[in-house]
Amino acid sequence: MKLGTKLIHAGVAPDPSTGAIMTPIFQTSTYVQSAPGVHKGYEYARTQNPTRDALQNALAAIENGTHGINFGSGLAATDAVMKLLSPGDEVVATNDLYGGTYRIFTKVFERYGIKFSFVGMRDAASVAAHITPKTKMIWLETPTNPLLNIIDIAAVAQIAQKNGVLLCVDNTFASPYLQNPLDLGADIVLHSATKYLGGHSDVVHGAVIVKNEELAQQLYFIQNSCGAVPGPQDCFLVLRGIKTLHVRMQRHCENGEKIAHFLRNHDKVDKVYWPGFTDHPNHDIAKRQMRGYGGMMSFTLKDDNMDAANRVLSHTHLFSLAESLGGVESLIGHPASMTHASIPREERIKNGLADSLIRLSVGIEDVDDLIADLDQAIG
Ligand SMILES: *Cc1c(COP(=O)(O)O)cnc(C)c1O
């Protein structure tokens, strides 16, 4: 089955009691047993919920995995993956990470004795040098947030396999429409389903997908033991969202391409970060591992200061100034003060994240209106 068909049909079946084509929202905390221990596979709703099951199965199918394990947010999913580790274990993570991921690693899990090294992974070979006998996991995002760096998933997966460590890929930015990390050798795929999977800026949700039974059972154990489960209504919203992922992503990609070129040709714009440009440093890898380049991009102004950036940020009408990404509506953001404020300034600058950098999540509106909006705001 191809992706567009899977997005609509995988994991779901008409409700057996009524024939409802959409999986109902099973808003219940428990299930009645006909005799002690005799039940229909559902005992208590932290452990199992039919709405969640449908979504977990759908996500497993669209990421070409065998099991989906869902959580109340993307960071709750990250929290669960980290709990596969024990004190003394080490993680090699990319240095260009979502701010909240950096925060949970350094402020929460370092206190529990897990060590993190943050490494530039644009050259995949550099990862090997940071692996020690204690390394248990490699963690990467690609494209990265907000600089749209591209990391070669297959090359890092080879290093992970050679060293017997797990590779976790945060696939939030690309979505399963653009790339499938499990096919490239990753062990774990993570999503903030809050973004493209949900797609309508109306739900916070996280998911992990794996293709290994033992890993899946460990993660289900953590999901049930730690309890960061999503509610059934949120599962329903994500399930509805993914049914249009392919058509939304197609438009995100088309609009993204036009806006990236518009910005690049604008005389007040300095750098534009978008992996679809043939002179993007890792464009060849993007072309190989992705099926399109998406609607996420960042840019700086020639007038490189906060005031100029602020002028643009406060003058768009269709691009709303907000954190988050991946919804149908276009958003504009300022990583240094918003999504990446939890990363210390020296660390940000060292990684190339300028104070004046502006990030766009290009939505699926009519692209001519989006371009006109940016044009008047840039001035
Ligand atoms: C938003 C985001 C997260 C965190 O997800 P939440 O659903 O907000 O908890 C993790 N990784 C990336 C790349 C994100 O954009």
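Because the structure is predicted, anything quoted here is derived from the model rather than measured. Just so you know, residue 1 is the first one in the sequence shown, and it goes up from there. Remember, it's 1-based here, ligands and their atoms both numbered in the order they're listed.
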Next item on the list: Determine, using ring centers only, whether H283 and Y293 are less than 6.0 Å apart.
Entry: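 Centroid separation for Y293 and H283: below 6.0 Å.
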Notebook entry, point to check: Are a donor atom and an acceptor atom from the side chains of E213 and Q217 found within less than 3.5 Å of each other?
Noted result: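 Yes, a side-chain donor-acceptor pair sits under 3.5 Å.
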Min N/O separation [X] to ligand 1 under 3.5 Å:
X: L190; answer: no
X: T101; answer: no
X: G74; answer: yes
X: S192; answer: yes
X: K195; answer: yes

Can you tell me the protein heavy atom closest to [atom] and the distance?
atom: atom 4 (C) of ligand 1; result: Y98 CE2, 3.4 Å
atom: atom 13 (C) of ligand 1; result: D170 OD2, 3.4 Å
atom: atom 9 (O) of ligand 1; result: L75 N, 2.9 Å

Out of all atoms in ligand 1, which are within 4.0 Å of some heavy atom of [X]? Include the element for each.
X: S73; value: 7 (O), 9 (O)
X: L325; value: 15 (O)
X: E141; value: 13 (C)

Notebook entry, point to check: Hey, what's the ring geometry for F118 with Y102, parallel, tilted or perpendicular (30° and 60° as the breaks)?
Noted result: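 Judged by the thresholds at 30° and 60°, the geometry between F118 and Y102 is tilted.
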Next item on the list: Verify salt bridge (charged side-chain N to carboxylate O under 4.0 Å, His left out) between R345 and D355, making sure each step is shown before the conclusion.
Entry: CA-CA 9 Å; R345 184 170 184 273; D355 283 338; 2.7 Å; yes
Item checked: Within reach of ligand 1, part of T194 (heavy-atom separation under 4.0 Å) ->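 Under 4.0 Å from ligand 1, T194 contributes side-chain atoms alone.
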Next item on the list: Please write out which residues are connected to V127 in a hydrophobic cluster, directly or through intermediates, given that two of Ile, Leu, Val, Met, Phe, Trp, Tyr count as joined at side-chain heavy-atom separations below 4.5 angstrom.
Entry: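 Its cluster mates, by chain and number, are V92, V119, M121, I131, I138, L140, I151, I153, V156, I159, V165, L167, V169, L184.
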Checklist line | The single option from L374, V312, N310, V269 passing side chain to side chain contact (heavy atoms under 4.5 Å, CB included) against I358 | finding: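 In the set L374, V312, N310, V269, the residue that makes a side chain to side chain contact (heavy atoms under 4.5 Å, CB included) with I358 is V312.
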Margin query: Please evaluate residues R311 and D307 with respect to the criterion salt bridge (charged side-chain N to carboxylate O under 4.0 Å, His left out), reporting the C-alpha separation (whole Å), side-chain torsions for both, the decisive distance (0.1 Å), and the verdict.
Written below: CA-CA 6 Å; R311 192 189 172 283; D307 287 349; over 6 Å; no
Next item on the list: Might you point out which heavy atoms bring R291 and Q179 nearest each other, and give the distance in Å?
Entry: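 Shortest heavy-atom separation between R291 and Q179 comes out as NH2-N, 3.8 Å.
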